[in-house]
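Worth knowing before you read on, the calculation uses all heavy atoms, side chains too, and leaves out hydrogens, waters and symmetry mates. Source: prediction; values computed, not measured. Here is the naming used below: chain letters follow the sequence lines, and residue numbers restart at 1 for every chain.
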Amino acid sequence: MVWRGDVGIITTRIDSDGDENLIELWGRSRENESVLLRIHGMQPWFEVCPPGRWNGDFSSLEGRLHQLENHEEVTHVTGPVEKWTDLGYKPVWKAYVSKPFVVPGLRKELSGRWYILSGDIPFANRFFLDGDFAIHVSVTAKETYSENGIDIVADITLDDVEQCQGFPVPWKILSFDLETSIAESTILCAAVVIEDRGTGIRTKHTFSGDEAGIMADLTNLVLDSNPDIITGYNIDNFDLTRLNDRMAHLSKRGDWQGKAELFGWGRVNRDEKEYRRRRDGLIPKRGATRAWNISGRCVMDCWWQARQVLRPERETLSFVSKLLFPDDDERHKMDIDASKMDEEWANRPDEVLEYCLRDAELPLDIMAEIQAVRRCEAIASVSGVSLDTVANGNTSQRIDALVIKAADRSNIGVPLTGSADAKEGQITGGYVHDVEAGLHPWVAILDFKSMYPSIMIGNNICYTTRVDQGSTDQPLEDEELFVSPTGAKFRHPSQRQGLIPLLLEDLMAQRDANKAALAKAKDPVSKSFYDQMQYAVKILMNSFYGVFASGFYRFTHRDLGSSITAWARHNIKKIIQRLEDEGHGVVYSDTDSIFVSVPLVEGENQVEKMIEFGHETAQRFSEDSAILEFEKGLSAFFSHGAKKRYIGQVVWPNQELMIRGYETQRTDSFAYLTTGMKRLFEHILAGEDEETIAYSLEMVRAAKAGEIGVRDLILSKSCKGRWDKRKAKWIFTEDYANPDSMAQVRVAKQILAKGLPFTPGMKVSYVVENATEKPMRVRAWYEEEADSYQYDVQFYAERLATALGRVTEAFGWNAKELLSGNRQTSLFSF
DNA sequence: AAGTCTACCTAG
DNA sequence: TTAGCTAGGTAGACTT
């Protein structure tokens, strides 16, 4: 029976064990079926061309070509086709090979005789590249069957797949949590909550009893419920790692069946062959990266998603929950002491199970609230990759998906990653204008629309358009070139349209289309959809510059990044100069923005004057590919004189307090300072100078008097470190020159001493007990011990005075004076 | 007390 | 901090 369906692709792998090389794609259909597509008929290949400049002498290649054709791993060779490379046009042969995994060896073997192209592209990516597909596809299958709990398994070819409009995939998400013994590191109990986004139903499960039984039941639930996405809080570093360790502990070496029973979460046959796969197999694996790999499923750690979206001051599950659901006490009441888990489990197992279940469900609430999956889906849709590649991949992979496709279509050779010359040191970045200290009334903020992408488009900046002395491909004699302030030259689009500028133009058009659709959308579902899409396009466009300015990306050259920023500096400095020549004060500028004083008018209509001035000025200085926009209007702007630190009272297009850089924005500050400083800023922008000083003095006084609740004094900082497998201990010396002089490392060690989990890169929280000791004495923060903290009153008072004093100095009070509570009369004060 | 160095986090 | 980039401010430990 013919099956037709729209499918969202979770992840891919290759199956090259048989005669054929299959690409396997796991997904979920619009109709809520689990799907496995097995793509037949594709063959792995790479390309070769003569190294160096091509001299047209085909006869010199005959021997090499013959050797290539007769290589035992090479099935056949086609070509040559003329392709563009960074040394000019060259003849390119395509070598088809028996198996994808022979390519790395061949690459090495041939490297002296040939220049290799397209030789490091994972074979499974060919599905997206050759088919021009993204995460959502439409499939027609003549027949299908069920296998391994998957509803629809279809053997098809690329021709049976078509592009598909985005649709909300009814993902099935499994969230889990383990409670573990501190003494033994065994698993005491587990909980799972499964969300079916098709039906909207959640089911809850708890597991206790002997450890092997818990793991086996958990595995059975994974297989029976067959989820697409596995989540939980910090599962990458904790829960999955622990399951893996316990599997190793509880099963004998080589007992693949025993291991599969305990942790065989993969969506594949339960046999030894699948067990033996190094990745994408029966048993979840973590390679060199942080990301876990489970065949057929996508691991999406709620902690990682939440930190990226929310940037929380602290990163515990309970903190993030309170941040998102402040009114919901049930969700975050704390009644189990995790540092005494063994006792808790012995004394009141029911409560521990309930606690465990709650911590399994919260990640689902958090993921839904921050729309983590939809966000990934939108980026996957725009860049043309699977869900897993967005959730667990890197920026280069997203850019690759777009650029390689475009290169293949235009006969541009695809160089290997790392083939470019290394960058010599850093390139120069954006220009930051000195900020004039003090309060400035009426400031218009103008900024360039998508500055770096526009510069790339406007000057046709691309790997494929850069003029290189060493290339056989030189511009026409009368060709108009774009010459960057660094001297780098780029071809004219009439002669060669760059791939990147073309892609960026397309993305800009997509963004405009999505924005237009968003404006027209009536129901919340489509509104959210178009908003996600336009945002995904924006994210993707902005990541182009970074990738092309990096030292290792395949399509880069050091002149690209430095030309982009050089043009940016040139453009913005020119406009600042012209504004100043006209008598307009430029208060500040950073990279793509200009803060300009609005001429004052008599009477009441200063806001209207600012709007008119903002729009008029922006338009006047706009050029074709450097469009300046009036972004915000401020009634007041203040900075104490440091770059990247300022505040503003926005009055157009809406009313808001805008703060950049200051302690209020920093997650390594403490609540008493951030909330107080925000209040201070409101006084400053309202022109309430006396209140500004009085408020600052009161804050410092209260701190000195020890009147602040310790919860408002918790500091938080990320801590690195790594687990040394051989020594079986945590080491910090790799990441820190002097680890024990760093407060966060000392805190991490306290956490570890308590037997609590520590995740490298995660923030740790602490209170300063005594800063007169060097290094200062700090105590890790545990909510359960909240009542027992002593803090260093003088330390907090000084830190407050320092931060507030920088600001109040503009009003005549410095840090020292805030601390003492009175102003020293200087010799010159009268 | 001033300067150097490492580290963190932010703006864009 | 999962091969995007640079500019910049600040804290704290330590040295001179």
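- Residue Gly429(A) is in sugar-phosphate contact alone, with no base atom involved, counting any heavy-atom pair closer than 4.0 Å across all strands shown.
- When heavy atoms are screened at a 4.0 angstrom cut-off, Ala391(A) is found touching base atoms of the nucleic acid.
- For Glu769(A) and Arg777(A), the salt-bridge test passes: some basic side-chain N is under 4.0 Å from an acidic carboxylate O.
- Among the protein residues, Thr591(A) comes within range of the sugar-phosphate backbone only, with heavy atoms under 4.0 Å from sugar or phosphate atoms but none that close to a base.
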Sequence neighbours left out, cut at 3.5 Å: what donor-acceptor pairs do the side chains of residues 379-387 of chain A make with other protein atoms?
residue	atom	partner	partner atom	Å
Ser383(A)	OG	Ile379(A)	O	2.7
Ser386(A)	OG	Thr389(A)	N	3.3
Ser386(A)	OG	Thr389(A)	OG1	3.1

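- Side-chain proximity of Arg806(A) to dT10(C), dC5(C), dG8(C): nearest is dT10(C).
- Arg398(A) comes within 4.0 angstrom of no nucleic acid atom, judged by non-hydrogen atoms across all strands.
- For DNA chain B, the outermost nucleotides in 5' to 3' order that have an atom under 4.0 Å from a heavy atom of chain A are dT6(B) to dG12(B).
- The shortest distance between the side-chain N/O atoms of Ser543(A) and the OP1/OP2 oxygens of dG4(C) is not below 4.0 Å.
- Among the atoms of the strands shown, only primed sugar atoms or phosphate atoms (P, OP1, OP2) are found under 4.0 Å from some heavy atom of Arg799(A).
- Side-chain contact check for Arg286(A) versus Asn293(A): every heavy-atom pair is 4.5 Å or farther apart.
- Using a 4.0 Å cut-off between a side-chain N of Lys or Arg and a carboxylate O of Asp or Glu, Lys717(A) and Glu313(A) do not qualify as a salt bridge.
- Checked against ring-ring contact (aromatic ring centres under 6.0 Å, His included), Tyr545(A) has the following partners two or more places apart in sequence or in another chain: Tyr452(A).
- In this structure, Asn542(A) places its CG atom 11 Å from C1' of dG4(C), rounding to the nearest Å.
- For Tyr662(A) and dT10(C), the OH to C1' distance is 12 Å, given to the nearest whole Å.
- Ion pairing between a basic and an acidic side chain is recognised when a charged N comes within 4.0 Å of a carboxylate O; Lys644(A) and Asp590(A) show such pairing.
- Pro757(A) approaches Ile751(A) most closely through the heavy-atom pair O-CG2, 3.7 Å.
- Among the protein residues, Thr802(A) comes within range of the sugar-phosphate backbone only, with heavy atoms under 4.0 Å from sugar or phosphate atoms but none that close to a base.
- Here Ser593(A) lies out of heavy-atom contact (under 4.0 Å) with every strand.
- Backbone-only engagement by Met776(A) is indicated by non-hydrogen atom pairs under 4.0 Å involving sugar-phosphate atoms exclusively.
- Between dT1(C) and dT6(C), the two P atoms lie 14 Å apart (nearest whole Å).
- Backbone-only contact: Ile427(A) has heavy atoms under 4.0 Å from sugar-phosphate atoms and none from a base.
- Sorted by first and then second residue, the pairs that involve residues 794-803 of chain A and meet side-chain hydrogen bond (donor to acceptor under 3.5 Å, both in side chains), not counting sequence neighbours, are Gln794(A)-Glu798(A).
- Using a 4.0 Å heavy-atom criterion, one finds that Tyr588(A) contacts no nucleic acid atom at all.
- Between Gly425(A) and Arg307(A), it is Arg307(A) whose nearest contact on DNA chain C lies nearer the 5' terminus.
- Under the 4.0 Å criterion applied to side-chain N and carboxylate O atoms, Asp400(A) and Arg554(A) are assigned as salt-bridge partners.
- Contact annotation for His433(A): no contact, since no heavy-atom pair falls under 4.0 Å across all strands.
- Across all strands, Thr417(A) comes closer than 4.0 Å to no nucleic acid atom at all (heavy-atom distances).
- At the heavy-atom level, Phe795(A) lies under 4.0 Å from the strands shown only through sugar-phosphate atoms.
- Heavy-atom distances under 4.0 Å link DNA chain B to Asp735(A), Tyr736(A), Ala737(A), Met742(A), Gln744(A) of residues 735-752 of chain A, given in residue order.
- Using a 4.0 Å heavy-atom criterion, one finds that Asp592(A) contacts the sugar-phosphate atoms exclusively.
- Nearest-nucleotide assignment on DNA chain C puts the 5′-proximal partner with Ser718(A), out of Lys644(A) and Ser718(A).
- Looking at residues two or more places apart in sequence or on another chain, you find a side chain to side chain donor-acceptor pair (under 3.5 Å) between Arg297(A) and Asn226(A).
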